[in-house]
2 protein chains.
Amino acid sequence: MDQVEIFKALSNKSRLQILNWLKEPETNFPDQAVHGYANGVCVGQIQMKAGLTQSTVSEYLSTLQRAGLVKSNRVGQWTYYQRNEEGFALLNQIIQSEI
Amino acid sequence: MDQVEIFKALSNKSRLQILNWLKEPETNFPDQAVHGYANGVCVGQIQMKAGLTQSTVSEYLSTLQRAGLVKSNRVGQWTYYQRNEEGFALLNQIIQSEI
DNA sequence: AAGATATATCGACTTTTCCCGATATGCCAA
DNA sequence: TTGGCATATCGGGAAAAGTCGATATATCTT
């Protein structure tokens, strides 16, 4: 069952916060402006805001990506993350019809 | 944060199944017919269908209730559980506006 | 009052999650 | 090509969740 993975990814306060922050990157990650927001927000920005170690944030973003809730773009040495709205559409569908 | 509790409750295959079964009690718990379905389905029925021990199922139902996803009615020596649609409405709201 | 039945709680053990520091990898600049 | 960033992965210790069997509690029947 794949639904469980999604809900596990959502079962953590920091990960929920990250998803929420990524709804409004310009507001929540002003320092990202240098890089632009087209590809998402890079890990370092998220790490600073989350107040967790780099490894933890990287791990959390992988978890969210495996669950389909974010997607990433590697550009040079940076990895940009942004919400994957398709994943949220799937989540809605799961809740409406499979639970 | 309370959202985390809800998602943790949903992070388990058996608990997801129980919630789904409770959508159509008449179909999924035919042996409950003797007691009627007005108050929900009693723990024993859910246990049999889930194939877990009595203590585990009782614990799972408590977890779901703490998360607001089911509600219970004690009648005599039986505890009947049913879905709490208010909880699902809250879940939808959380997903729409807080994540 | 005694036994039977349904559910809840307790104690224990195993597995998973949380989060870290250390190290590896990939990319860029000089 | 050497060093410096940004990110990913690895290894680990502490805390939480998964699940069980045993026991407690509440209720019903006789």
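As the structure is a computational prediction, the values presented were derived from the model and not from experiment. So that the names make sense, note that chain A is the first sequence line, chain B the second, and so on, each numbered from 1.
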Rounded interatomic separation in angstrom, taking [atom1] from [X] and [atom2] from [N]:
X	N	atom1	atom2	answer
B:Asn73	D:dT27	CG	C1'	17 Å
A:Tyr80	D:dC5	OH	C1'	13 Å
B:Leu64	C:dT7	CG	P	16 Å
A:Trp78	C:dC27	CH2	C1'	9 Å
A:Lys13	D:dA15	NZ	P	18 Å
B:Leu10	D:dA17	CG	P	14 Å
A:Arg15	C:dT16	CZ	C1'	12 Å
A:Tyr60	D:dA8	OH	P	15 Å

* Give one of base, sugar-phosphate or nothing for A:Ser11, where a contact means two heavy atoms less than 4.0 Å apart. => sugar-phosphate
- Query: Within 45° of the six-membered ring axis of A:Phe88 and under 6.0 Å from that ring's centre, is NZ or CZ of A:Arg83 located there?
  - Reply: yes
Would you indicate, yes or no, if [N] has its OP1 or OP2 atom less than 4.0 angstrom from a side-chain nitrogen or oxygen of [X]?
X	N	value
A:Asn12	C:dT17	no
B:Lys8	D:dA17	yes
B:Thr79	C:dA8	yes
A:Tyr81	D:dA6	no
A:Thr53	C:dC20	yes
A:Thr56	C:dC19	no

Exactly one candidate in A:Leu16, A:Asn12, A:Asn84, A:Leu19 meets side chain to side chain contact (heavy atoms under 4.5 Å, CB included) with A:Leu64; the answer is A:Leu19
If I compare all heavy atoms of [X] with all of [Y], which pair ends up nearest, and what's the gap?
X	Y	answer
B:Ser14	B:Leu52	OG-CD1, 3.7 Å
A:Asn28	A:Asn20	ND2-O, 4.3 Å
A:Tyr81	A:Ser72	CE2-CB, 3.5 Å
B:Asn73	B:Asn39	OD1-O, 3.4 Å

Can a donor-acceptor pair under 3.5 Å be found between the side-chain atoms of [X] and the base atoms of [N]?
X	N	result
A:Ser55	C:dG21	yes
A:Gln54	D:dA6	no
A:Gln77	C:dC28	no

Within residues 24-52 of chain A, those residues having any heavy atom closer than 4.0 Å to DNA chain D are A:Cys42, A:Val43, A:Gly44
Assign each of A:Ser58 and B:Glu59 the nucleotide of DNA chain D bearing its closest heavy atom; nearer the 5' end lies the nucleotide of A:Ser58
Taking the inter-plane angle between the rings of B:Phe7 and A:Phe7 on a 0 to 90° scale, is it parallel (under 30°), tilted (30 to 60°) or perpendicular (over 60°)? parallel
Going through the distances and angles, do B:Thr56 and B:Thr53 end up as a side-chain hydrogen bond (donor to acceptor under 3.5 Å, both in side chains)?
CA-CA 5 Å; B:Thr56 297; B:Thr53 61; 2.9 Å; yes
